[in-house]
Every structure is written in C-alpha cells, then in structure tokens.
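See structure below.
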Amino acid sequence: MKYVIEHMEAGFTEWVILEYSTIIKELGKENLILTSLPAGTTEKDIPQQLIDLGLQWTTKEVTEIGTESLPIVKERVCLLDPSAETDLVVEDSDKFDYFVFGGILGDHPPRDRTGELRKKYGFVGKRLGNKQMTTDTAIRTTQLIIQSKTPFEEIKFIDYPEFRFNKNEATEMPFRYVLNKEGRPILPDGMLDLIKRDSEQSLDDLL
C-alpha cells in the first residue's frame with residue numbers, strides 16, 4: 001500500500017516542507033512518493049530536510065510509477081477527493097493499492113485543484129468528510145481508516161482551532177485536524193512557530 005502526493009505546487013514552501021517531513025516520519029519513507037514534479041527537476045531542487053528523510057520523488061505521473069509487485073491498476077487507485085460522493089470507509093482497505101492526494105489539501109478557500117486529477121486520471125474518488133484538511137491531516141486520517149481500521153466517525157477531530165500565542169495574539173486555522181491522546185490538534189513539528197511568524201507578517205503588512 002502506497003501513498004502518493006501529486007505535487008502541484010511551484011517549489012517547496014516552509015509549510016509544505018514541514019508537512020511532508022511529518023508525513024514521511026509517520027508513513028515511512030518507503031510508503032510515500034511525490035509525483036509529477038516539473039520536468040528537469042534534480043535533487044538540488046529538493047529541500048535538504050526532505051532528502052535527509054529519504055523522500056522518494058519523480059517527475060513521472062502517478063500512472064507511471066507502478067512496479068511489477070504493485071502495478072498501477074486504475075480501479076485499485078483511490079483519489080482522495082473533497083468533491084467525491086462517498087466517504088472512505090474501513091472496508092476500502094482491501095480495494096486499493098495506492099492512495100493519491102492532489103495539490104495541497106489545505107487551500108482556503110478551496111480551489112478544487114484535485115479536480116484536475118479527477119478529470120485527468122478517472123481514478124475512484126473517496127471523500128474524507130466535508131471539511132478541508134491539510135495534506136498531513138488527510139493522509140493521517142486515511143491511514144487511521146485504512147491501516148488502523150478506525151471508522152471515520154470514531155476519529156476525534158477539531159475544526160478551525162484557535163492557536164493562542166499570548167493574551168493578545170491568536171490565529172484561527174480554517175482546517176480540520178486530528179486530535180492526539182491529550183486532546184490537542186496534531187500539527188507538524190515547527191508548524192506553530194511558522195503560523196505565528198505568518199500571522200505577525202500579515203499584521204505588519206496591514207500596518
């Protein structure tokens with residue numbers, strides 16, 4: 001079972017690096033591959049932090065990454081699509097070999113970049129509820145359903161959490177997050193610092 005991110009961003013932002021780093025650590029480097037990077041991409045274009053974690057990447061499209069032991073069979077590839085009509089369920093664990101995530105599932109407002117993949121490949125689409133998720137949250141949720149056999153309705157989420165940095169500073173994130181055992185939203189290491197810096201920069205821009 002493999003997880004695929006069709007990298008639809010130009011380059012790698014700090015946000016994306018933190019998310020991808022967390023995904024590699026949680027899935028294992030052998031279970032994640034970035035596809036569709038621009039033609040001509042070399043290792044020099046990949047952030048060192050991701051190289052050090054063993055990121056697998058390719059300029060090939062997802063339809064070209066099959067192996068002899070795990071070929072790409074259209075009916076056994078699941079596209080996690082916010083616009084799909086049915087939700088991903090535990091029973092789907094036996095139906096798919098690849099789970100594909102398009103763009104950055106964290107756009108706000110949503111731009112439906114996954115729609116490009118829907119039209120292009122015609123893979124089976126499955127939804128993860130009706131709220132936007134960051135990419136690491138979407139993969140974490142899929143992993144809980146497919147590998148841990150946890151029904152979606154039993155996963156504990158928080159929607160649009162507010163992160164307070166001091167009595168005067170707080171930022172609400174417009175996404176759904178999985179909660180950890182302590183009841184706190186799971187974020188990549190370093191993400192809170194990045195959110196704080198981004199919010200301070202936004203305030204500076206207003207002033």
Side-chain angles (χ1 to χ4, degrees), residues 1-65 70 77-82 88 96-108 110-114 116-117 121 123 128 131-148 157 161 163 173-180 184-198:
M1 189 175 297
K2 302 292 183 181
Y3 294 77
V4 179
I5 298 175
E6 283 259 309
H7 187 75
M8 301 170 76
E9 291 288 315
F12 294 82
T13 63
E14 286 187 78
W15 182 290
V16 168
I17 293 170
L18 292 180
E19 285 196 353
Y20 286 4
S21 296
T22 292
I23 294 165
I24 296 169
K25 292 173 185 176
E26 292 187 1
L27 289 181
K29 61 185 180 182
E30 67 279 3
N31 295 317
L32 175 72
I33 182 168
L34 254 58
T35 55
S36 294
L37 271 72
T41 298
T42 70
E43 189 168 290
K44 292 180 180 179
D45 301 310
I46 308 299
Q48 188 63 45
Q49 182 175 332
L50 298 179
I51 292 174
D52 292 344
L53 288 170
L55 174 70
Q56 296 186 83
W57 61 273
T58 180
T59 56
K60 295 179 181 178
E61 296 183 343
V62 61
T63 52
E64 303 175 71
I65 64 168
L70 201 66
V77 179
C78 177
L79 174 65
L80 279 300
D81 183 355
L88 189 70
F96 300 108
D97 301 315
Y98 291 88
F99 292 89
V100 179
F101 301 80
I104 300 300
L105 273 70
D107 279 333
H108 185 76
R111 285 191 279 156
D112 191 28
R113 282 184 294 177
T114 308
E116 299 173 30
L117 305 183
Y121 298 129
F123 295 142
L128 296 171
K131 296 287 192 300
Q132 278 283 295
M133 297 178 177
T134 58
T135 307
D136 63 301
T137 300
I139 290 181
R140 186 174 299 113
T141 301
T142 300
Q143 193 178 23
L144 285 168
I145 295 170
I146 297 301
Q147 293 181 244
S148 300
F157 294 104
F163 298 108
M173 298 301 291
F175 309 120
R176 169 174 282 174
Y177 294 87
V178 176
L179 293 173
N180 64 18
R184 297 173 182 168
I186 300 175
L187 278 77
D189 291 340
M191 185 60 76
L192 272 180
D193 291 335
L194 181 57
I195 292 171
K196 185 175 187 296
R197 278 192 280 125
D198 283 351

Please lay out, stage by stage, how L53 and K25 fare under the test side-chain contact (heavy atoms from CB on, under 4.5 Å).
-> CA-CA 8 Å; L53 288 170; K25 292 173 185 176; 4.0 Å; yes

Are [X] and [Y] side-chain neighbours, meaning at least one heavy-atom pair lies under 4.5 Å?
| X | Y | result |
| --- | --- | --- |
| L179 | R184 | no |
| C78 | V100 | no |
| M1 | F99 | yes |
| I195 | L187 | yes |
| L32 | Y20 | no |
| I33 | T35 | yes |
| W57 | I46 | yes |
| T58 | L37 | no |

Indicate the ring-plane relationship of F12 and H7, choosing parallel, tilted or perpendicular according to the 30° and 60° boundaries.
-> parallel

Anything under 30° is parallel, anything over 60° is perpendicular, the rest tilted; go ahead and classify F101 against Y3.
-> parallel

Would you find more than 12 non-hydrogen atoms of other residues, nucleotides or ligands less than 6.0 Å from D189 atom CG?
-> no

How long is the span from the [atom1] atom in [X] to the [atom2] atom in [Y], to the nearest 0.5 Å?
| X | Y | atom1 | atom2 | answer |
| --- | --- | --- | --- | --- |
| N31 | Q143 | CG | CD | 8.5 Å |
| I139 | L144 | CD1 | CG | 12.0 Å |
| D81 | L88 | CG | CG | 12.0 Å |
| E14 | R197 | CD | CZ | 4.5 Å |

For the pair S148 (side chain) and I145 (backbone), establish whether a donor and an acceptor sit closer than 3.5 Å, ignoring hydrogens and angles.
-> no

Polar side-chain atom of T141 near backbone of T137 as donor-acceptor pair, under 3.5 Å | yes

Run the side-chain contact (heavy atoms from CB on, under 4.5 Å) check on I5 and I23 step by step: do they pass?
-> CA-CA 10 Å; I5 298 175; I23 294 165; 4.0 Å; yes

S36 and V62: side-chain contact (heavy atoms from CB on, under 4.5 Å), yes or no, with the steps?
-> CA-CA 7 Å; S36 294; V62 61; over 6 Å; no

Indicate the atoms forming the closest heavy-atom contact of [X] with [Y], along with that distance.
| X | Y | value |
| --- | --- | --- |
| T41 | P38 | OG1-O, 2.5 Å |
| P188 | L18 | CB-O, 3.5 Å |
| G40 | T59 | N-CG2, 4.5 Å |
| Y177 | T134 | OH-CG2, 4.1 Å |

R140: salt bridge (charged side-chain N to carboxylate O under 4.0 Å, His left out) partners, not counting sequence neighbours = E26, D136

Any residue meeting salt bridge (charged side-chain N to carboxylate O under 4.0 Å, His left out) with D97, in chain and number order, not counting sequence neighbours | R76

For [X], which residues count as a ring-ring contact (aromatic ring centres under 6.0 Å, His included) partner, sequence neighbours excluded?
| X | value |
| --- | --- |
| F123 | Y121 |
| Y98 | none |
| F163 | none |

Derivation and outcome, side-chain contact (heavy atoms from CB on, under 4.5 Å), residues I146 and F96 = CA-CA 10 Å; I146 297 301; F96 300 108; 5.8 Å; no

Please list all pairs passing the salt bridge (charged side-chain N to carboxylate O under 4.0 Å, His left out) test where one or both residues lie in residues 29-51, with sequence neighbours left out.
-> none

